[in-house]
Amino acid sequence: MFNPVDARPDLISIEHEALRRWREEGVFERLRAQTTGGPAWSFLDGPITANNPMGVHHAWGRTYKDLFQRFRASLGHELRWQQGFDCQGLWVEVNVERELGYTSKRQIEEQGLAEFISLCKQRVLTYAARQTEQSIRLGMWMDWNDPADLLKLRDALAKDPATPVTINGANGPVSGPAEQLIGRLGTPEVGGSYFTFSDENNDLIWTFLAKCHERGWLYKGSDSMPWCARCGTGISQHEMTEGYADREDQSLYFGLSLVDRPGEELIAWTTTPWTVAANVAAAVQPTLDYELVEFDGRKLWIGASRRAAALGGGAPRAKLLETRKGSELIGWKYRAPFDALPAVSEALGPDGAAHRVIAWDEVGSEEGTCIVHIAPGCGSDDHKLGVAEGLPAIAPIDESGVYLDGFGNLSGREWHEVTEDVFTHLTAAKSLLRREKITHRYPHCWRCATPLVFRLVDEWFISMGPLYEKPRDQLTKAEIEASLRYQIMAVVDRITWLPEFGYERELDWLRNMSDWMISKKRYWGLALPIYECTACGKVEVLSSRKDLEDRATAGAAALEGHTAHRPYIDEVQIDCSGCGAKVTRVPDVGNPWLDAGIVSFSTMRYREDPEYWKRWFPADFITESFPGQFRNWFYSLLAMSTVMASSEPTKTVFGYGLVVGADGRAMHKSWGNSIEFDEAADRMGADVMRWLFVGSRPEENVHFGWEAADETRRRLLVLWNVYAFLVGQAASAGWTPKGSGATAKGRSVMDRWILSRSAELAASAERSFTAYDAYSAVRRLEQGIDEISTWYLRRTRERFAPDAPAKDRDAAFDTLHQALLTLLRVAAPIAPFLTDAIYRNLASAGLADSTGTSQVVGGAERPLAAAIRAGEAPGSIHLLHWPTAESVPWRDEALEASMDRIIRAAELGRSVRSLANIRTRQPLARARVVLGVSGSDEAELREILADELNVKSVEAVGDASGLFERRVKVLLPKVGKRLGGSTQAVMQAARDGAVEFLASGAVRIAGVDLAADEIEVQAVPREGQHVAEDDGLVVELDTALTPELISEGDARELMRAVQDLRKLAGLRREDRIELQATGAKAPLATHLAAIAAAVGAQNIQEVDRDPVGEEWHRGSVPLSAGEATLAIRRVTE
RNA sequence: GGGGGGAUAGCUCAGGUGGUUAGAGCUCCGAGCUUAUAUCUCGGCGGUCCCUGGUUCGAGUCCAGGUCCCCCUACCA
């Protein structure tokens, strides 16, 4: 017997109950054991940053990750089940700094690096534990660490890195000093999630970097980089995405005095006043015209096209003195307002002697003064230009954005504070012409939103190699060999990108990207294994920690017992292999995408178990939200796999969009459209959330909100209702799956149909999931829920009644049971909680004990129904094999096609009734149909249609022409050209029906003859016919009413009214009633027995007036002879 | 700045190569069906197909110009 089921399920508590059961019964562990040895299906998880609680946007991707893993496991594949945490990098530092209340790097160094880095590790462990719990709540099955273990490690580390700790490992407890154990997280021995701060991860990045160095791709570059003064670090090109925001600044026009043309000045324009002191050159466009004008006593050179704009309101006062091409200005020497500063004269010679006018093609005619202020120390184009022109550079600020010594009263001040002083100075020097507020897009730090500045810095890069000006297929081997960029592109070619545009986007990024900046002047991250000798300049890159330990000649003791992080690793020195001098590591840490990019090696035992690595690499599948990942994880994964193995890291990349608020805008707490993961899990539940995500088109953004969740929940509740009906009726009828002897053969059309649809569902969903198209699977599932509910169950309801014939009833129960179970199994990867809860009850008669059976249930050899009968059904739906194979014998495509026409004919019939204004309840004598259904099931199908349409008979007719008039549709694409100017007249005549039918199908319209293949004769219902047509399907209703039909209609009307009353009275199905009616004599006389049976009446009376008494429930109903009044009361025994 | 994609019902979007009554889903309104149901079925309301001009017998569709939005990419005084 099934457990009784509530009409309205509490989805949230069902989920918690399932989580508890999975944990207690070790369901996931049993699935792993069951699939061990199966063909490998390799999923590689992109690490989630363990820096904050998980958001609903993570839940989208994690749902995909989980459902494809569950699906593959149900096909018998062996999986690795490993997910990962991203641990190192600036984002963790920024949060730890915020917690400590720090505002600059200096405070970190003052506090001590060891303490700071320990706090970073602790934060990662805190949120790794938190995200683990949240992911489990989402239903994500992975080889999770016990969150308590992670917190235990964190607390031990906080106390003392050497504290001995014991945690649960892959094969029993593992122990070690806290810090060292943390470094071993994710190894085969410890098991669980991988952590990118692990020893193995960092060590393999060293190997990668050493390989790059071997090939000559690693270099130190000096460049003007975007720099965040708060974080004290350069921002790489990869990080610049979404870094721009509008900002209001003071722009200024200022004069530069020409040396050889006394009294004349060049007017330059800038939006960054703080860079004026670093001016070295002035760039002009050789092809543009420049004008010398006299203005307020000054003689100014300005681009001709910008004279009015540059002079502002005073422009009319200007007097033109001279015009020259830009090319004529080149080489002119000038003096700038800050030339007296010591730092400037040191760089440019006495009085700024190096200042000159240079040519630059990029100078445009639309902005500023067409004379561009060039400060090679403060801008990236400026720097390039400076290198090309052999100009010196002035780097005015330090890493905190503070002016260095030698800049007069600017020294010691922050860059953004000096604007007014610059104006004051320029005014005093009689250089300032005008200032103006402007709004422009300006780069900001993506972590802390501080405006960025450009700074001259030394950073480490991996060269992407040259970009050739010719198509890829024309490149020579040597050219490709010399360019990592093209080698990665070749790898990109071998990957299936979903959606397809991902392929082009990745290639586009590779074509456009500059060299990969891998260093950061920070603390928490990969220690770059770069050793640059200060004595001879030789650069060495160590390939592993062992390499370092072998080479160490000082400070090795400091590192002992610690992971390879700062500050301990900074103590270790090696001897330069060139000159023998002591060399210390460069202090920089690595770009965090190195950490995530190496995981297809570090987590797949690349070094310690090559056989294992070959089995799992490359991955079959990775998936992440695509905005950003083309330049981040996808990129680093590709680059590192190309260098390490010349291979694609994965066979398929599946990308999906962003989660936004219900209003389509980004989620923002202050906009009220933000939903936290925990809140969503508590209120809508994980299954609803998962279904909502998977049912969304991956290439578009999801609009996530409570209304969308309600819509999704409604769909799942229909499924629940089917289940509740089955369980409720089974209880009344005493049916259990164990007792069923029903077989598929000889079943009714409806039974065979729904089983066939179930088989199709399983097969098509398998195809969709295999193609990573979960969206289509959800669409098909929702169709399946609709079919089983609104067609199968609605049409077969009576067969489940306790007084229905037992043999047919058993067949109905068995059919519904199997169809429902099949649908649940297809839905299980998407909604793992609800499906498992329902499964457990539906299979309760035959569940094996919790140790399970050794045989996998649900394949062709061991169908689920047989296992239930034998008491060998596994304790969870997730342990079943995918249902395609066992449902193959159910398939009957011809029947599906026929039923489809019946369903559509029923819809047409209802449409006819609606137009004729005859309700379905009123029986009619006859329907005539053109169905196009034949075969042995035809009679039974017609009966279904008759019942659905409430007609006494359905007659199939071969020719429906008597029901229609002919209308001629002119096929314009065929004849339009020929008709030309007479087209309109012909069309009008055709619309009016002024058509003359000629022999052999031709027609004459408006005097024009049209051949049979130039027209289409259409059928429109003849006036007065109750007929509808769609795609060759025709339904016509005989609307003539006889007294018998009217009486029967009244009877049904009355039953319906009584049922409504019963519902209002809150009666249950099995309750018996007494019925008293007035004004219903005729229908009661002829249909008494049918009414009594339908409404469960023990006693029916036609009375003169309504009964008295509160126990009576009253109503009325319009019958053909007039209003009837009704009263019912429950019969008490 | 460069490249790409859009603009069609209140909302989300379909509408090969031009063809005369522009569709679907959701929402809203009405009706129908129904003691499993919140589902479902039928019908209705709802459109200057962004604007201007052109080609054509005929333009949502093709061409030119303009306006606005989105994505990618770059960032420049």
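Naming: A, B, ... by sequence-line order, numbering from 1 per chain. Scope of the values below: all heavy atoms of this structure, side chains included, with no hydrogens, waters or symmetry mates. Please read these numbers as outputs of a predicted model, since none were measured by experiment.
Nearest nucleotide to the A:Q984 side chain, out of B:C57, B:A36, B:A77: B:C57. Checked against B:G43, B:C76, B:U37, the side chain of A:S914 finds its nearest nucleotide in B:G43. Of the candidate nucleotides B:A77, B:U73, B:G32, B:A77 has the atom nearest to the side chain of A:T271. Nearest nucleotide to the side chain of A:S789, out of B:U41, B:A38, B:A36: B:A36. For A:N721, taking side-chain heavy atoms from C-beta onward, the closest of the listed nucleotides B:A36, B:U39, B:U35 is B:A36. Here the side chain of A:P973 is nearest to one of B:U37, B:C57, B:G19, namely B:G19. Distance from the side chain of A:D508 is smallest to B:U73 among B:U73, B:C33, B:U39. The side chain of A:V363 has B:A77 as its nearest neighbour among B:A77, B:C33, B:U34.
On the C1' atoms, B:U61 is 14 Å away from B:U55, given to the nearest whole Å. For the C1' atoms, the distance from B:G65 to B:C28 is 40 Å, rounded to whole Å. The C1' atoms of B:U21 and B:U12 are separated by 25 Å, rounded to the nearest whole Å. Distance noted for atom C1' between B:G23 and B:U8: 10 Å (whole Å). Of the P atoms belonging to B:C40 and B:U27, the separation is 9 Å, rounded to the nearest Å. Comparing the P positions of B:G43 and B:C26 gives an interatomic distance of 14 Å, to the nearest angstrom. Taking atom P on both B:A14 and B:A7, the two are 7 Å apart, rounded to the nearest angstrom. Straight-line distance between the P atoms of B:A59 and B:A74: roughly 44 Å, to the nearest whole Å.
Distances shorter than 4.0 Å separate some side-chain N or O of A:R631 from OP1 or OP2 on B:A74. Look at A:R991 and you'll find a side-chain N or O under 4.0 angstrom from OP1 or OP2 of B:U21. Using a 4.0 Å cut-off, no side-chain N or O of A:R913 falls inside it from OP1 or OP2 of B:C33. The side chain of A:S911 places an N or O atom within less than 4.0 Å of a non-bridging phosphate oxygen (OP1 or OP2) of B:G43.
Remark: the backbone N or O of A:V702 is not paired with any side-chain donor or acceptor of A:S696 at under 3.5 angstrom. Looking only at distances, no side-chain donor or acceptor of A:N279 sits under 3.5 Å from a matching main-chain atom of A:V276.
Using a 4.0 Å heavy-atom cutoff across all strands shown, A:K974 reaches no nucleic acid atom at all. When heavy atoms are screened at a 4.0 angstrom cut-off, A:R713 is found touching no nucleic acid atom at all. A:W509 comes within 4.0 angstrom of sugar-phosphate atoms only, judged by non-hydrogen atoms across all strands, and of no base. Note on A:Y253: nothing from the nucleic acid sits closer than 4.0 angstrom, heavy atoms only. When heavy atoms are screened at a 4.0 angstrom cut-off, A:R8 is found touching base atoms of the nucleic acid. No contact: A:L915 has no heavy atom under 4.0 Å from any strand. A:D786 comes within 4.0 angstrom of sugar-phosphate atoms only, judged by non-hydrogen atoms across all strands, and of no base. A:V975 comes within 4.0 angstrom of nothing in the nucleic acid, heavy atoms only. Looking at heavy-atom distances under 4.0 Å, A:G981 makes contact with sugar-phosphate atoms alone, never a base. Within 4.0 Å (heavy atoms only), A:G1096 reaches no atom of the nucleic acid at all. A:R1062 comes within contact range of at least one nucleobase, with a heavy-atom separation under 4.0 Å. Counting non-hydrogen atoms under 4.0 angstrom, A:T920 reaches the backbone sugars and phosphates but no base. Note on A:E367: a base of the nucleic acid sits closer than 4.0 angstrom, heavy atoms only.
Under the 30°/60° scheme for interplanar angles, the aromatic rings of A:W720 and A:Y723 are found to stand perpendicular. Ring pair A:F634/A:W497 is perpendicular by interplanar angle, where above 60° counts as perpendicular and below 30° as parallel. Between A:Y792 and A:F800, the ring planes lie perpendicular to each other; the angle is over 60°, past the 30° to 60° tilted range.
A salt bridge links A:D900 with A:R904: the closest approach of a Lys/Arg side-chain nitrogen to an acidic carboxylate oxygen falls below 4.0 angstrom. Electrostatic pairing of A:E711 and A:R715 counts as a salt bridge here, judged by a charged N lying under 4.0 Å from a carboxylate O.
When rounded to the nearest whole Å, the span between CE of A:M987 and C1' of B:G18 equals 14 Å. For the pair A:R1052 CZ and B:U35 P, the computed distance is 9 Å after rounding to whole Å. Between A:N917 atom CG and B:G30 atom P there is a gap of 17 Å when expressed in whole angstrom units. If you take CG of A:D710 and P of B:A38, they are 15 Å apart, rounded to a whole angstrom. Rounded to whole Å, the distance from CG on A:L719 to P on B:U39 is 15 Å. Taking atom CZ of residue A:F254 and atom P of nucleotide B:A77, one finds them 13 Å apart after rounding to whole Å. The separation between A:N512 atom CG and B:G3 atom C1' is 10 Å, rounded to whole Å. B:C57 atom P lies 21 Å from atom CD1 of A:I1005, rounded to whole Å.
For A:I788 and A:V912, each mapped to the nucleotide of RNA chain B holding its nearest heavy atom, the one lying further toward the 5' end belongs to A:I788. Heavy-atom nearest nucleotides on RNA chain B were determined for A:R794 and for A:T983, and the one closer to the 5' end corresponds to A:T983.
A:F813 does not carry A:R809 over the face of its six-membered ring by the limits of under 6.0 Å from the centre and within 45° of the normal.
No side-chain N or O of A:E389 forms a donor-acceptor pair with one of A:W360 less than 3.5 Å apart.
With hydrogens and angles left out, the side chain of A:T272 and the base of B:A77 share no donor-acceptor pair within 3.5 Å.
Pair assignment for B:C28 gives B:G44, based on Watson-Crick or G-U wobble hydrogen-bonding distances that are each under 3.5 Å. Base-pair partner of B:A64: B:U52 (Watson-Crick or G-U wobble, both distances under 3.5 Å).
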